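Okay, structure first, notes after.
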Amino acid sequence: MSKKILKQLGIILALCLVAEVIASLLPVTIPSSVIAILILALLLTCKVLKEEQIKETADFMLDNMALVFVPISVGMIEDLELLKGQIAGFLVVVCISLVLTFLGTYASVRIVQKCMKWALKKGGKSNE
């Protein structure tokens with residue numbers, strides 16, 4: 001494994017560790033993965049961390065994300081007996097959460113599109 005990949009992996013894992021520490025210190029429960037994403041976004045936005053510094057490892061992790069879900073899926077199959085009496089409720093929750101996720105994503109995209117249009121119009125007026 002090259003030094004570059006190890007360095008990139010070290011940066012990503014360090015962010016995850018910092019997020020774990022922050023999550024353990026907070027009085028409310030926030031997943032450390034969410035905190036890590038927020039820290040990463042902040043570092044990238046402030047240009048403290050450049051995309052090139054984590055690109056190859058992050059791309060590899062995204063390309064192979066399905067591997068993360070294999071143990072979870074196997075665990076669910078092992079505990080399938082627990083769902084037998086609850087399958088209808090489980091399916092209702094899955095369907096409702098699917099629709100809510102879709103609607104939330106749609107609303108977010110529409111808001112971003114409107115903000116971008118507004119920003120372009122405002123930027124165009126200032127140049128006139």
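Worth saying up front: this structure is predicted, and the values here are computed from it rather than measured.
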Practice item. Quick one: pull up OG1 in Thr57 and NZ in Lys7 and give me the separation to the nearest 0.5 Å. Key: 11.5 Å
Practice item. Evaluate side chain to side chain donor-acceptor pair (under 3.5 Å) for Gln8 paired with Glu56, printing each intermediate quantity in order. Key: CA-CA 8 Å; Gln8 292 179 9; Glu56 287 88 4; 2.5 Å; yes
Review point. Got a second to check how far Lys114's NZ is from Arg110's CZ, nearest 0.5 Å?
Key: 5.5 Å
Check your understanding: Are Phe102 and Val99 connected, step by step, through hydrophobic side chains (Ile, Leu, Val, Met, Phe, Trp, Tyr) whose heavy atoms are closer than 4.5 Å?
Key -> yes
Check your understanding: Val28 and Ile22: same hydrophobic cluster, using ILVMFWY side-chain contacts below 4.5 Å?
Key -> yes
Review point. Can you tell me how far CD1 of Ile54 sits from CD1 of Ile5, rounded to the nearest 0.5 angstrom?
Key: 12.0 Å
Check your understanding: What pairs of residues pass the side-chain hydrogen bond (donor to acceptor under 3.5 Å, both in side chains) test when at least one of them lies in residues 13-34, not counting sequence neighbours?
Key -> Glu20-Ser32
Identify each donor-acceptor pair in which a side-chain atom of residues 35-47 lies under 3.5 Å from a protein atom, sequence neighbours left out, and give them as a table.
unit_1, atom_1, unit_2, atom_2, d
Thr45, OG1, Ala41, O, 2.7

Review point. Out of Val94, Val93, Val92, which one pairs with Phe90 under the side chain to side chain contact (heavy atoms under 4.5 Å, CB included) rule?
Key: Val94
Check your understanding: Counting only heavy atoms not in Gln113, do more than 12 sit closer than 6.0 Å to its CD atom?
Key -> yes
Do any side-chain atoms of residues 9-18 form donor-acceptor pairs under 3.5 angstrom with protein atoms, and if so which ones, sequence neighbours left out?
none

